[in-house]
Amino acid sequence: MNKGLFKQLFLEKFETMHGQTIEEASPMDIYMTLGTMIRDYMSRKWIATNKAYVDQEKKQVYYFSMEFLLGKMMERNLLYLGWKEIVEEAFGELAVDLESILSLEPDAGLGNGGLGRLAACFLDSFASLQLPGHGCGIRYKYGFFDQKIVDGYQVELPDPWLKNGNVWEIRKADKAVEVRFGGNVRLDHHDNTTIFIHENYDSVLAVPYDSPIVGFRNNTVNTLRLWSAETTMRDFDFSTFNRGDYLNAVKYKHEVESISQILYPDDQHQEGRILRLKQQYFLVSASLQSIIHRYKKKGGSLDEFSHKIAIHINDTHPVLAIPELMRIFIDEEEMGWDQAWQITTETISYTNHTILPEALEKWPIDLFQILLPRIYMIVHEINERFCHELWQRYPNNWDKIGQMAVVADGYVHMAHLAVVGSHSINGVAEIHSEILKKQVMRHFHELFPHKFNNKTNGITPRRWLLKSNPSLAQLITDTIGPAWRNDSSELIQLMKHTDDAYIRDQVFTIKHNNKLRLAKIIEEKTSIKVDPSSIFDVQIKRIHGYKRQVLNVLHIMDLYNRLRENPDLNILPRTFVFAGKSAPSYYQAKQTIKLIHSLADLINKDASIKNKLKVVFLENYSVSLAEKIFPAAEVSEQISTASKEASGTGNMKFMMNGAITLGTLDGANIEIKDAVGEENIVIFGLTAHDVLAYYRDGGYNAWDMYHQDPRIKMILTQLINGFLPGAQDEFRSVYDALLYQNDEYFVLKDFSSYVDAHNRVNTLYSNRNQWLKMSICNIAQSGRFSSDRTISEYASGIWKIEPVYIAE
Ligand code: 26V
């Protein structure tokens with residue numbers, strides 16, 4: 001592609017699509033035309049990729065996930081195809097501003113946070129590493145809610161991201177499959193075998209929408225298949241002109257479509273609603289049916305299934321893939337239990353993403369049984385056989401067997417099903433995998449030690465550096481060459497330049513410009529003016545107790561108290577930036593958002609502190625907003641209660657953009673510390689070991705902190721004495737959680753150590769050269785946190801898949 005050719009093709013495409021000339025074009029028409037052109041161009045590669053996969057009979061992996069938090073795709077696709085500059089120049093000649101066209105695309109926000117964004121980074125790495133890996137998910141009509149802040153409170157609005165259509169997807173109506181819910185199972189006997197007949201069920205049509213995922217500057221185009229729930233025309237016949245039927249038909253249509261209507265917005269909390277279980281079965285049943293259909297069509301033998309297909313389940317949400325695969329093998333393919341079980345466990349692998357007990361999924365048996373009668377029978381049988389094995393191994397140990405059973409205490413325990421029915425269980429950072437093995441899943445680890453492993457998370461350096469921080473990416477390319485973009489281990493070459501005065505200056509200037517850009521966004525969105533020379537200290541992530549935004553707030557209050565007492569206090573000016581969404585029903589997290597706003601109101605208006613402190617909350621955190629914040633950040637707040645953050649991936653995005661981590665020894669922070677060395681990170685607080693010991697043995701009393709530390713006493717009092725603007729009692733719940741509920745997340749316990757850590761940041765930052773050296777070191781060492789590394793490890797260690805070279 002070159003500029004001239006592009007311009008010609010673009011104008012032709014525009015005219016055929018819109019029946020008018022470019023002079024009359026609306027920006028949206030231009031967006032749609034460019035999108036269609038890109039998609040058409042990718043289609044050839046897409047077809048070639050699929051053909052190569054079939055012809056070469058290489059093993060394929062399917063990544064099952066209830067969430068794919070993709071963000072925008074157009075600029076990504078332009079960059080990956082190598083078209084971006086050409087289009088920019090051609091549009092320049094047509095007086096079209098590419099930036100404003102790109103901004104028209106809505107984010108595909110089909111995820112809550114880390115787990116969903118990880119799935120999107122993995123798709124990027126599959127394609128860029130030329131690996132045959134595809135995503136299977138749900139095409140939610142409404143993505144993660146839009147957050148509006150009204151008077152400091154979060155308000156949730158729907159995200160109708162599909163309202164103007166979606167240029168990237170192709171509806172494949174001919175590939176639709178039927179998913180069955182409810183009904184009953186009748187047993188029949190045939191030549192000594194029992195057959196199971198599912199009858200009187202409600203049937204839902206699952207229609208796939210495929211989107212191409214193109215690799216970075218290669219010819220691979222993989223597939224993200226998202227399923228939409230529809231009624232079969234048979235079930236929804238408006239022609240029966242009976243009033244009662246008509247209303248029932250409408251109601252039924254609505255009920256069916258509700259399955260793919262919305263993404264559940266509460267992560268880290270088990271959602272007991274039946275619709276969520278329906279969504280989960282809908283995803284796995286539709287995906288497995290289509291995988292097996294295609295496999296058989298190409299002549300594959302089921303005996304070989306696990307050698308040709310790997311299925312990965314992203315957390316327990318798609319764990320019904322295990323009984324559903326058993327059902328298909330046994331009921332539809334007439335396989336015996338033992339063979340079906342062997343193939344199923346060899347096919348499925350599972351990642352655990354959290355140890356928070358309140359997030360572990362379990363479903364009441366009665367509910368499960370009514371919705372999925374045949375699947376329940378299979379789960380029951382899996383449980384019987386597993387408990388029998390346990391009995392052989394641990395005779396009479398009812399306690400242990402009860403703790404490990406798949407069905408126990410009236411519930412189906414999804415994580416237990418995942419461990420029993422898969423061949424690999426991994427955590428997402430070293431410490432997390434260790435906690436799984438030694439604590440949360442210790443009984444299972446004792447029984448199946450070979451199944452457990454670690455795959456530390458990663459992020460795609462192409463979106464999180466090349467796309468979001470183009471000037472830093474250019475500096476890196478100018479310094480070490482372009483190979484880092486698909487071989488992130490190359491970034492280590494930057495270590496040779498940590499003392500290079502020119503590079504330091506460039507890194508400084510790039511960061512400063514990114515800060516200027518963010519300062520502008522902040523002013524546009526909040527009317528708050530921030531000092532671009534102040535330290536940009538950033539905490540952006542879901543709002544949650546364990547992530548401890550409250551600790552950040554308490555430190556800012558203390559800093560403010562010190563400044564009020566002494567306006568000439570020798571500290572560097574700071575800008576504290578927050579962004580993140582709370583689950584709609586999580587009161588304490590919502591109050592934290594209000595608290596940040598009240599504090600911001602107080603501090604930002606106080607002239608006496610001479611602009612040394614600013615507090616900003618940016619509303620509606622999203623992938624696109626994140627892309628603007630990470631490049632401007634200098635301090636990365638990773639302050640979760642040790643043991644609770646499985647990995648974190650924002651920490652990696654900050655690091656790759658040259659920010660210094662201020663964090664606890666939790667999740668991947670520990671591996672970041674190992675990578676950069678103690679002198680290039682600021683660590684504070686209790687260790688996971690300390691925290692787990694307190695939970696086990698007790699011995700922590702939050703009131704001791706209150707009485708011993710006058711700073712804490714003062715701040716906590718300020719929470720409830722009207723010091724903060726707004727109603728006097730607004731933050732009573734925050735106060736009570738810290739004192740009367742004994743500070744579940746050890747905020748007060750870690751307070752002093754956190755303040756010290758901030759003081760170290762202040763000192764380090766005052767030495768500009770030192771700080772820039774740290775920053776360059778962080779960038780250089782970030783290569784190991786590329787999702788390419790993560791995916792290579794999954795590919796060789798778990799899935800046993802290999803790259804497939806796709807010719808031009
Ligand atoms: C749970 C639920 C419960 C039911 C309703 C919807 C829903 C949605 C998501 C979840 C799972 C939350 C687990 C999670 O997101 N874990 C995060 O995974 C990241 C990627 O591995 C990791 O970096 C974070 O540390 C971890 O919190």
Side-chain angles (χ1 to χ4, degrees), residues 71-89 98-99 102 117 120-121 124-125 127-129 214-218 458-498 500 502-518 521 536 538 623-634 636 649-660 675 772 774-789:
K72 299 192 202 298
M73 295 307 273
M74 184 176 275
E75 187 181 1
R76 173 198 185 274
N77 290 340
L78 287 174
L79 268 173
Y80 286 31
L81 293 170
W83 280 22
K84 174 136 190 244
E85 281 174 18
I86 294 166
V87 175
E88 222 157 21
E89 285 169 23
L98 178 59
E99 276 304 308
L102 296 175
R117 181 54 228 176
C121 284
D124 189 288
S125 288
S128 297
L129 293 169
V214 65
F216 183 72
R217 309 279 159 101
N218 63 29
I459 57 167
T460 168
R462 291 164 293 273
R463 182 176 288 264
W464 297 109
L465 181 49
L466 185 65
K467 174 175 184 292
S468 57
N469 200 344
S471 14
L472 181 59
Q474 191 58 53
L475 175 68
I476 295 171
T477 298
D478 292 345
T479 312
I480 62 168
W484 64 271
R485 300 175 307 180
N486 28 34
D487 177 5
S488 60
S489 67
E490 282 288 316
L491 287 172
I492 203 81
Q493 303 297 338
L494 287 170
M495 283 307 284
K496 291 186 282 208
H497 300 274
T498 55
D500 182 332
Y502 171 78
I503 301 290
R504 284 181 181 174
D505 271 354
Q506 292 293 304
V507 167
F508 175 86
T509 306
I510 290 165
K511 185 62 81 181
H512 191 74
N513 289 336
N514 291 334
K515 288 166 72 181
L516 283 172
R517 181 177 70 156
L518 182 60
I521 295 172
F536 277 27
V538 182
V623 171
S624 291
L625 183 57
E627 287 173 23
K628 305 216 163 64
I629 302 176
F630 286 116
E634 295 177 296
S636 157
T649 43
N651 45 4
M652 302 167 185
K653 294 164 197 164
F654 279 109
M655 178 194 193
M656 201 171 269
N657 283 278
I660 308 305
L772 291 170
M774 292 172 73
S775 175
I776 298 165
C777 172
N778 270 269
I779 301 165
Q781 297 290 349
S782 70
R784 73 165 86 169
F785 299 105
S786 163
S787 48
D788 293 350
R789 188 268 311 143

Worksheet item: Nearest heavy-atom pair of Pro631 and Ser468: which atoms, and what distance?
Response: CG-O, 3.4 Å

Worksheet entry | Residues in side-chain contact (heavy atoms from CB on, under 4.5 Å) contact with Thr479, at least two apart in sequence or another chain | Leu475, Leu494, His497, Ile503

Item to complete: Indicate yes or no for a side-chain donor-acceptor contact from Ser787 to the backbone of Gly458 under 3.5 Å, with no hydrogens or angles considered.
Response: no

Worksheet item: What residue pairs, at least two apart or across chains, pass ring pair (Phe, Tyr, Trp, His ring centres under 6.0 Å) with a residue in residues 466-490?
Response: none

Fill in: From Leu625 atom CG to Leu518 atom CG, the distance as rounded to the nearest 0.5 Å
8.0 Å

Fill in: Residue pair Phe654, Ile629: steps toward the side-chain contact (heavy atoms from CB on, under 4.5 Å) verdict
CA-CA 9 Å; Phe654 279 109; Ile629 302 176; 5.6 Å; no

Worksheet, complete the sentence: For Asn469, the side chain to side chain donor-acceptor pair (under 3.5 Å) test, sequence neighbours excluded, returns Asn514, Asn657

Item to complete: Please report the shortest heavy-atom distance between Ala675 and Met655, naming the atom on each side.
Response: CB-CE, 4.5 Å

Worksheet item: Rounded to the nearest 0.5 Å, how far apart are CD1 of Ile480 and CG of Leu491?
Response: 5.0 Å

Practice prompt. Can you sort out the partners of Glu89 under side chain to side chain donor-acceptor pair (under 3.5 Å), two or more places apart, ordered by chain and number?
Written response: none

Worksheet item: For Gly650 and Phe630, which heavy atoms make the closest approach, and how far apart are they?
Response: O-CE2, 3.7 Å

Worksheet item: So among Arg485, Arg462, Lys84, Arg463, which one has a side-chain contact (heavy atoms from CB on, under 4.5 Å) with Leu79?
Response: Lys84

Worksheet entry | Approximate separation, where rounding is to 0.5 Å, of Tyr80 OH and Ser128 OG | 5.5 Å

Worksheet item: Can you tell if the side chain of Leu466 reaches within under 4.5 Å of the side chain of Phe216, non-hydrogen atoms only?
Response: yes

Worksheet item: Would you say the side-chain atoms of Thr477 pair up with the backbone N or O of Pro482, donor to acceptor, closer than 3.5 Å?
Response: no

Discussion item. Counting C-beta onward and ignoring hydrogens, is there a side-chain heavy-atom pair between Leu102 and Lys72 closer than 4.5 Å?
Written reply: no

Item to complete: Check ring-ring contact (aromatic ring centres under 6.0 Å, His included) between Phe536 and all other residues, then give those that pass, not counting sequence neighbours.
Response: none

Fill in: Heavy-atom pair of closest approach, residues Ser488 and Pro461
CB-CG, 4.4 Å

Response to the item:
Interatomic distance, CD1@Ile779 vs CG@Leu472, rounded to 0.5 Å, equals 4.5 Å

Worksheet, complete the sentence: Residues passing the side-chain contact (heavy atoms from CB on, under 4.5 Å) test with Thr649, sequence neighbours excluded, are Leu118, Asn457, Ile459, Met652, Lys653

Practice prompt. Quick one: list whatever passes side-chain contact (heavy atoms from CB on, under 4.5 Å) with Asn218, sequence neighbours left out.
Written response: Gln130, Thr220

Discussion item. Suppose the criterion is salt bridge (charged side-chain N to carboxylate O under 4.0 Å, His left out): which pairs have a residue in residues 504-517, not counting sequence neighbours?
Written reply: Asp499-Arg504, Asp505-Arg768, Lys515-Glu634

Worksheet item: Can you tell me how far OG of Ser786 sits from CD of Glu490, rounded to the nearest 0.5 angstrom?
Response: 12.5 Å

Response to the item:
Residue set satisfying side-chain contact (heavy atoms from CB on, under 4.5 Å) with Pro470, at least two apart, ordered chain then number -> none

Worksheet item: What residues, two or more places apart in sequence or in another chain, satisfy side chain to side chain donor-acceptor pair (under 3.5 Å) together with Lys628?
Response: none

Practice prompt. May I have all residue pairs that pass salt bridge (charged side-chain N to carboxylate O under 4.0 Å, His left out) and include part of residues 472-482, sequence neighbours excluded?
Written response: none

Worksheet item: In Å and rounded to the nearest 0.5 Å, what is the CG to OG1 distance from Asn486 to Thr460?
Response: 10.0 Å

Worksheet item: Does some side-chain heavy atom of Met495 sit less than 4.5 Å from a side-chain heavy atom of Cys777?
Response: yes

Worksheet item: Sequence neighbours excluded, which residues qualify as side chain to side chain donor-acceptor pair (under 3.5 Å) partners of Arg76?
Response: Asp124

